[in-house]
Chemist: 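Before anything else, here's the structure in question.
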Amino acid sequence: MKTTIVFSDLVHEGHSCNAMPYGVSLIAAYALKNLGDEIDIHLFKFVEDLAGFMEANAPQIVCFSNYIWNTDLSVSIARKIKEENPDSIIIFGGPNYPLEAEEQQAFLETHPYIDFYIFKDGEEAFLALFNALQGRGLDAGALKQSRLKLPNCHYFTEGEFVAGDLLPVIENIEDIPSPYLTGLLDGFFEKSLVPLTQTTRGCPFKCTFCQDGDLYASRVKRYSPERISEELEYIAQRTDVPELHWGDLNFGMYKQDLDTCHTIARLRDKYGWPQSLDINGKNQKERVLEAARIIDGPDLAGGAVTLVTAVQSTDVDVLREVKRENVSTEDMLDVATRGRAVGSHSFSEVILCLPGDTKQAHFQTIFDLMECDIN
């Protein structure tokens, strides 16, 4: 008998975070690749759809993404599911979770209906957790009583916080099937969600305010050009949404990104899609500008590209405090200014109250951005 598993990346309809449930679908795709006919997977984005499914079904495992914009929603739904079906196994994962063990324990104590939390990357960790549960007849209580330390997995049982070691990151990310090319996300195109995908995982920078600013995510891994091209073509043929969102942390910074930009230019010429996307490479300004020129070139309608100047602050003392000295704020601002020559838009990001920040420093950051005419 198949195990029914729900993966949900919940928002209310009309919410601004209206992207495809890409993160959870990667974990679902990896699980299907390795478990095949053992599991029956269902993906959800909207509360109403999940609620309708739950009225007619009792899945053994229900998984939730946990981001800053959906924590309250996800924990409320998880609590309700647990109240109505105590045997349901509730699994959470995502970046809106503490980094220190003491705070992680407090989080799980505060939310006792969460059976397991997957910390950091979830593909291999979910598979290990599923196999451990399967070996105990899908009895979460029995697994917890064993105090088995599972990789990337946290849980709280009888006053004890149990945390397994971190798995090394998946070096060959091609091992993770594309949730687009496998058809997992087909049903979401009709919901007019913004296509979200990525060409790389990881970030070389060490910004302390960022979930990926540690050694765990420091090595950048890349999908093959063939997969990237095939996936973007697949999306272009099906979406009615003009935008494309990246899950990349530095798209446009690497030489391989230019190949992806040529693919996007071809799709724009063939399908008129995408009409809007961001380039957020933090360094390598000439390459970032070349990426914008390829997409917003003379043979295509300009204005598709938005160059993201994620300065956070322009104050040198603040940047030193958050270990961002190796990101050139001056270059990012120059990219935004020069990007206008190829018809690109610009967008800025600023974080309030970073270590060392002051009212004067914050105002100066705003003035610096205004002087560069960020639009």
Side-chain angles (χ1 to χ4, degrees), residues 5 7-9 11 17-36 39-46 49 65 121-123 170 172-202 220-252 254 256-280 291 294-297 299-301 304-306:
I5 306 174
F7 287 92
S8 56
D9 179 38
V11 295
C17 294
N18 58 343
M20 292 274 197
Y22 181 70
V24 294
S25 70
L26 285 169
I27 299 170
Y30 192 78
L32 277 171
K33 173 186 174 181
N34 287 276
L35 299 170
I39 57 176
D40 179 29
I41 279 181
H42 301 266
L43 272 68
F44 294 96
K45 184 72 179 182
F46 298 121
D49 294 335
S65 68
D121 289 357
E123 288 87 3
I170 297 175
N172 181 15
I173 56 176
E174 289 284 311
D175 287 343
I176 307 168
S178 166
Y180 288 104
L181 300 178
T182 54
L184 268 176
L185 292 172
D186 280 1
F188 295 96
F189 285 109
E190 64 189 37
K191 297 181 183 297
S192 296
L193 292 167
V194 178
L196 167 67
T197 188
Q198 62 184 176
T199 68
T200 60
R201 279 190 176 189
V220 178
K221 282 77 62 182
R222 177 176 293 276
Y223 292 110
S224 69
E226 295 77 17
R227 169 172 167 155
I228 293 167
S229 177
E230 189 177 352
E231 192 173 78
L232 290 172
E233 178 99 22
Y234 189 95
I235 295 169
Q237 291 173 351
R238 290 163 176 80
T239 186
D240 61 359
V241 176
E243 303 157 75
L244 169 64
H245 283 183
W246 294 121
D248 294 45
L249 297 169
N250 294 288
F251 183 78
Y254 305 107
Q256 298 94 327
D257 293 337
L258 299 183
D259 293 334
T260 303
C261 291
H262 282 293
T263 296
I264 291 169
R266 176 178 61 79
L267 295 175
R268 292 192 67 209
D269 184 53
K270 183 176 180 180
Y271 299 104
W273 181 90
Q275 298 174 29
S276 172
L277 75 158
D278 292 346
I279 292 179
N280 62 348
I294 291 169
I295 296 172
D296 271 340
D299 297 329
L300 297 163
V305 169
T306 295

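Note that this is a predicted model, so its numbers are computed, not measured. Quick note: residue numbers are just sequence positions, from 1.
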Chemist: Is any side-chain heavy atom of Val241 closer than 4.5 Å to a side-chain heavy atom of Pro195?
Modeler: yes

Chemist: Using a strict cut-off of less than 4.0 Å between a Lys/Arg side-chain nitrogen and an Asp/Glu carboxylate oxygen, indicate whether Arg238 and Glu231 qualify as a salt bridge.
Modeler: no

Chemist: Closest heavy-atom contact between Leu193 and Phe46?
Modeler: CD2-CZ, 3.7 Å

Chemist: Working note: Asp248 + Arg222, criterion salt bridge (charged side-chain N to carboxylate O under 4.0 Å, His left out); need CA distance, chi angles, decisive distance, verdict.
Modeler: CA-CA 10 Å; Asp248 294 45; Arg222 177 176 293 276; 5.6 Å; no

Chemist: Tell me whether the rings of Phe251 and Trp246 are parallel (<30°), tilted (30 to 60°) or perpendicular (>60°).
Modeler: parallel

Chemist: Assess the residue pair Glu174 and Ser224 against the criterion (side chain to side chain contact (heavy atoms under 4.5 Å, CB included)); give the C-alpha distance rounded to whole Å, side-chain angles, the decisive distance to 0.1 Å, and a yes or no.
Modeler: CA-CA 7 Å; Glu174 289 284 311; Ser224 69; 3.4 Å; yes

Chemist: Lys33: which residues meet the salt bridge (charged side-chain N to carboxylate O under 4.0 Å, His left out) condition with it, sequence neighbours left out?
Modeler: none

Chemist: Determine whether the side chains of Glu233 and Tyr271 contain a donor N or O and an acceptor N or O closer than 3.5 Å.
Modeler: yes

Chemist: Measure across Gly183 and Tyr234 and return the closest heavy-atom pair with its distance rounded to 0.1 Å.
Modeler: CA-OH, 4.0 Å

Chemist: Tell me, with the steps shown, if Thr306 and Leu277 meet side chain to side chain contact (heavy atoms under 4.5 Å, CB included).
Modeler: CA-CA 6 Å; Thr306 295; Leu277 75 158; over 6 Å; no

Chemist: Please check: side-chain N/O of Asn34 versus main-chain N/O of Tyr30, any donor-acceptor pairing under 3.5 Å?
Modeler: yes

Chemist: Search all heavy atoms of Ile295 against all heavy atoms of Cys261 and return the closest pair with its distance.
Modeler: CD1-SG, 3.7 Å

Chemist: Apply side-chain contact (heavy atoms from CB on, under 4.5 Å) to Leu249 and list each qualifying residue two or more places apart in sequence or on a separate chain.
Modeler: Cys203, Asp212

Chemist: One pair to check against side chain to side chain contact (heavy atoms under 4.5 Å, CB included): Arg266 and Asp269. What are the steps and the verdict?
Modeler: CA-CA 5 Å; Arg266 176 178 61 79; Asp269 184 53; 5.8 Å; no

Chemist: Under a 4.5 Å cut-off applied to non-hydrogen side-chain atoms, are Val220 and Tyr254 in contact?
Modeler: yes

Chemist: Just by distance, with hydrogens left out, do Asn172 and Tyr223 show a side-chain donor and acceptor under 3.5 Å apart?
Modeler: no

